[in-house]
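In this chain, numbering begins with 1 at the start of the sequence shown.
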Amino acid sequence: MQNNKMNEFYWQERWEKGLTGWDIGYPSPPITEYVDQLLDKFKTILIPGVGNGYEACYLKEAGFKNVHVIDIAREPLEHIKTRCPDFEDSHLIHGDFFKLEGYYDLILEQTFFCALDPKQRNDYRDKIYELLVPGGKLAGVWFTFPLTEKGPPFGGDPNEYINMFSDKFDIKVAEPCYNSIKPRLGNEFFMILQRPAH
C-alpha cells in the first residue's frame, strides 16, 4: 500500500496547484439520479475521497440528515464547509479512508476508486465491506476506459469489477451509465452492490 503521508502530500499539492481535472464543477448526474430515488433521509451516508463535495452538498440540500465525507487532503473539506456552512464539522473527516472506523448504511463512489493505486482495489473492496452495516449498499460510478500504469485516474473493465466485488457483495445493478456527462459518455459504469444481510 502507498505511504499514507506521501499520498496526502500528493493530493494536497494537486489541490493547491489546481490540478483537479476530475472536478466537473457540479454533482455527477448518475449519482444525483440515484440519490433522488432514496426515501429515507436518515440513512448514514459516506462519500470517500470526496473532493469538492458537490454530491455531499446535494445530499444536504435534499434533506439528508447524516452525510459524512472523508478526504486525505484538507483543502477540499474546507471548500465544502464554505459552500455548505451547515455541514457538521464532525462529518468532515480529514484522514485516510483505509483507517476509518464506523458503520454506514450507504457509501457513494464517485472518482475515489479510480484515484487509488490499482494494487489497492481489493483493500478498497474489503474496507467498504467492513464499513457497511449488514444489508448496506455501495453505489456509484466506475470508469471503464482501459487500465494502464498512467494515472490517476485509473480505468478498468466492468467484468473485472463484477468479479472482484461478487466475492463479498450481492450485485444489484451493473450497467453502463446512460446519463453521464458528455465527456464521460461511454466511459462510466454504474453499480449498486449490497453487503449480504447475514
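- The line from CD1 of I128 to OH of Y104 is 10.5 Å long, rounded to the nearest 0.5 Å.
- Using a cut-off of 4.0 Å between Lys/Arg side-chain N and Asp/Glu carboxylate O, K81 and E78 are scored as not salt-bridged.
- With rounding to the nearest 0.5 angstrom, the CD atom of Q194 is 11.0 Å from the CG atom of L138.
- Nearest heavy atom pair, residue E33 against residue Q37, reads O-NE2, 3.2 Å.
- A 4.5 Å side-chain heavy-atom check between D157 and F189 finds every atom pair outside the cut-off.
- L100 places none of its side-chain heavy atoms less than 4.5 Å from the side chain of H68.
- In this structure, F165 is a member of the same hydrophobic cluster as F97, with clusters built from ILVMFWY side-chain heavy atoms closer than 4.5 Å.
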Between I47 and L59, is a side chain to side chain contact (heavy atoms under 4.5 Å, CB included) present by the stated rule, with each step listed?
CA-CA 11 Å; I47 306 178; L59 284 162; 3.9 Å; yes
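- For the pair R195/V133, no side-chain contact is recorded, criterion being any heavy-atom separation below 4.5 Å from C-beta on.
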Worked check of side chain to side chain contact (heavy atoms under 4.5 Å, CB included) between R121 and L147
CA-CA 13 Å; R121 290 184 171 181; L147 175 62; 4.1 Å; yes
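- T44 has its side chain out of reach of Y103: every pair of non-hydrogen atoms, C-beta onward, lies at least 4.5 Å apart.
- Note that the OH atom of Y34 and the CD1 atom of I192 stand 4.5 Å from one another [nearest 0.5 Å].
- Minimum heavy-atom separation, F64 to I45: CD2-CD1, 3.8 Å.
- Side-chain contact between T111 and P153 is absent, with no heavy-atom pair separated by less than 4.5 Å.
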Can you check side chain to side chain contact (heavy atoms under 4.5 Å, CB included) on Y58 and I31, steps first, answer last?
CA-CA 10 Å; Y58 184 89; I31 299 290; over 6 Å; no
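- Applying the 6.0 Å contact sphere to NZ of K41 captures more than 12 heavy atoms from other residues, nucleotides or ligands.
- Residue K127 comes nearest to K99 through the heavy atom pair NZ-C, 4.2 Å, listed as atom of the first residue, atom of the second, then distance.
- Side chains of P48 and V50 form no contact here, defined as non-hydrogen atoms less than 4.5 Å apart.
- Between L46 atom CG and F112 atom CZ the span is 9.0 Å, to the nearest 0.5 Å.
- Proximity of L92 to V69: side-chain heavy atoms (C-beta onward) are separated by under 4.5 Å at one or more points.
- F98 and F154 fall into different hydrophobic clusters, defined by Ile, Leu, Val, Met, Phe, Trp and Tyr side-chain heavy atoms under 4.5 Å apart, directly or through other members.
- Smallest separation of non-hydrogen atoms from I70 and G95: CG1-O, 3.6 Å.
- Under the 4.5 Å side-chain criterion, counting only non-hydrogen atoms from C-beta, S28 is in contact with Q110.
- When all heavy atoms of P30 and V141 are compared, the pair lying nearest together is CB-CG2, 3.7 Å.
- Note that CG of D71 is 7.5 Å distant from CD1 of I80, once rounded to the nearest 0.5 Å.
- Between the side chain of K168 and the backbone N or O of D126, no donor-acceptor pair lies under 3.5 Å.
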Would W142 and E188 count as a side chain to side chain contact (heavy atoms under 4.5 Å, CB included) if you check the C-alpha gap in whole Å, the side-chain angles of each, and the deciding distance to 0.1 Å?
CA-CA 6 Å; W142 282 257; E188 289 187 320; over 6 Å; no
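- Residues I171 and A174 approach most closely at CG2-CB, 3.9 Å, considering heavy atoms.
- How far NZ of K137 is from CE of M191: 14.5 Å, rounded to the nearest 0.5 Å.
- Side chain of D117 to main chain of Q120: no donor-acceptor pair is present (N/O by atom type, distance under 3.5 Å, no hydrogens or angles).
- Using modelled atom types, one side-chain atom of Y161 and one backbone atom of G156 make a donor-acceptor pair closer than 3.5 Å.
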